[in-house]
Amino acid sequence: MRKSPIDHEKGGKNMAHKVRPEKVQVVDEIKDKVSKAKSVILTDYMGLNVEEITALRRELRANNVEYKVYKNTMAYRALEALEIKGLEESLKGPTAFALSYDDPVAPAKVLVKFAKSNNKFSVKAGMVEGMVVDQERINALSELPSRDELLAMLLRTMQGPVTGFVNVLAGNIRNLVGVLSAIQDKKSE
């Protein structure tokens with residue numbers, strides 16, 4: 001009788017089948033991307049045609065969001081290795097990952113807007129800044145201002161006092177010029 005089990009490199013366990021290197025590579029890729037992402041949103045894209053998927057990918061790319069389809073078993077193994085709990089139920093049926101490495105709100109905005117205009121597409125669940133969130137929270141997140149909008153608000157808030165201070169100083173200088181002009185006029189009479 002021939003021995004077929006091999007030792008698994010990490011756990012030292014005997015396995016009945018050999019894990020293909022390409023599968024290990026995919027699991028490692030998912031782990032890497034998910035661990036680096038500020039937000040990860042899982043979607044169901046069943047029923048979308050090529051044009052619709054292309055339009056969605058274009059919009060996501062314009063917002064610096066990566067959109068990838070992975071096999072659910074590979075995604076499950078990657079999430080399990082990262083010890084992320086709560087997304088298992090979302091890994092059923094066709095699942096695509098929207099990953100944002102910069103703005104945690106960007107994918108929610110694009111995906112929720114797309115889902116509203118396309119009833120064949122749905123947002124399942126996700127993870128934002130390390131916290132697992134459901135569809136309802138992703139919808140709420142899509143209502144928040146983007147990172148750029150928040151920075152613009154902050155800049156306006158910071159500019160307000162500076163602008164006021166400059167106006168006060170300019171007013172005082174205008175008043176001083178007015179007083180000096182009046183004194184000069186009085187002396188010239």
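By convention here, the first residue in the shown sequence is residue 1.
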Exercise. Decide side-chain contact (heavy atoms from CB on, under 4.5 Å) for Val133 and Met131; before the verdict, give the C-alpha distance in whole Å, the side-chain angles of both, and the deciding distance to 0.1 Å.
Key: CA-CA 6 Å; Val133 293; Met131 186 175 87; 3.9 Å; yes
Got a sec, which residues hit side-chain contact (heavy atoms from CB on, under 4.5 Å) with [X], two or more places apart in sequence or on another chain?
X: Lys113; result: none
X: Lys36; result: Asp32, Tyr101
X: Leu82; result: Lys31, Val34, Ser35, Ile84

Quiz item: Are Glu89 and Lys92 close enough that some pair of their side-chain heavy atoms sits under 4.5 Å apart?
Solution: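 Heavy-atom side-chain distance check passes, below 4.5 Å.
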Quiz item: How about Lys187 and Gln184: do any of their side-chain heavy atoms sit closer than 4.5 Å?
Solution: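 No, too far: nothing below the 4.5 Å cut-off.
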Quiz item: To the nearest 0.5 Å, what is the distance between CD (Glu80) and CZ (Arg77)?
Solution: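 Nearest 0.5 Å value for the CD-CZ distance: 9.0 Å.
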Quiz item: Nearest 0.5 Å, what's the NZ-CE distance between Lys38 and Met127?
Solution: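 Output value for this atom pair is 13.0 Å.
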Exercise. Identify the two heavy atoms, one from Lys85 and one from Val132, that lie closest to each other, and give their separation to 0.1 Å.
Key: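 What the structure gives for the nearest pair is O-CG2, 3.3 Å.
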Quiz item: Taking all atoms of both residues into account, what is the closest heavy-atom pair of Ala78 and Ile30, and its distance?
Solution: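 So the minimum-distance heavy-atom pair works out to CB-CG2, 3.4 Å.
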Practice problem: Any ring-ring contact (aromatic ring centres under 6.0 Å, His included) involving residues 112-136? Give me the pairs, sequence neighbours left out, ordered by first then second residue. | Solution: Phe114-Phe121
Any link between [X] and [Y] through a network of hydrophobic side chains (Ile, Leu, Val, Met, Phe, Trp, Tyr) touching at under 4.5 Å?
X: Val69; Y: Leu99; value: no
X: Val27; Y: Leu87; value: yes
X: Ile138; Y: Leu60; value: yes
X: Leu42; Y: Tyr76; value: yes
X: Ile53; Y: Val112; value: yes

Practice problem: Quick one: list whatever passes ring pair (Phe, Tyr, Trp, His ring centres under 6.0 Å) with Phe97, sequence neighbours left out. | Solution: Tyr70
Practice problem: Would you mind listing every side chain to side chain donor-acceptor pair (under 3.5 Å) that reaches into residues 122-142, with sequence neighbours excluded? | Solution: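 The answer is Thr95-Lys124.
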Exercise. Can you sort out the partners of Ser100 under side-chain hydrogen bond (donor to acceptor under 3.5 Å, both in side chains), two or more places apart, ordered by chain and number?
Key: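 Per chain and number, Ser100 pairs via side-chain hydrogen bond (donor to acceptor under 3.5 Å, both in side chains) with no residue.
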Quiz item: Quick one: which of Thr43, Asn118, Leu111 gives a side-chain contact (heavy atoms from CB on, under 4.5 Å) with Leu56?
Solution: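 With Leu56 as partner, side-chain contact (heavy atoms from CB on, under 4.5 Å) holds for just one option, Leu111.
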Salt bridge (charged side-chain N to carboxylate O under 4.0 Å, His left out) against [X], all qualifying residues, sequence neighbours excluded:
X: Arg58; value: none
X: Lys23; value: none
X: Glu88; value: none
X: Lys68; value: Glu29

Ignoring hydrogens and geometry, is there a side-chain-to-backbone donor-acceptor pair from [X] to [Y] under 3.5 Å?
X: Arg61; Y: Glu66; answer: no
X: Ser39; Y: Pro104; answer: yes
X: Asn63; Y: Glu59; answer: yes

Exercise. Applying side-chain contact (heavy atoms from CB on, under 4.5 Å), run through Val65 and Val110 and close with a yes or a no.
Key: CA-CA 9 Å; Val65 177; Val110 174; 5.7 Å; no
Quiz item: Pairs in or reaching into residues 42-56: which pass salt bridge (charged side-chain N to carboxylate O under 4.0 Å, His left out), with residues at least two apart or in two chains?
Solution: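 Pairs touching residues 42-56 that pass the test: Glu52-Lys120.
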Practice problem: Any chance you could lay out the side-chain contact (heavy atoms from CB on, under 4.5 Å) test for Val128 and Val105, step after step, and finish with the verdict? | Solution: CA-CA 8 Å; Val128 178; Val105 178; over 6 Å; no
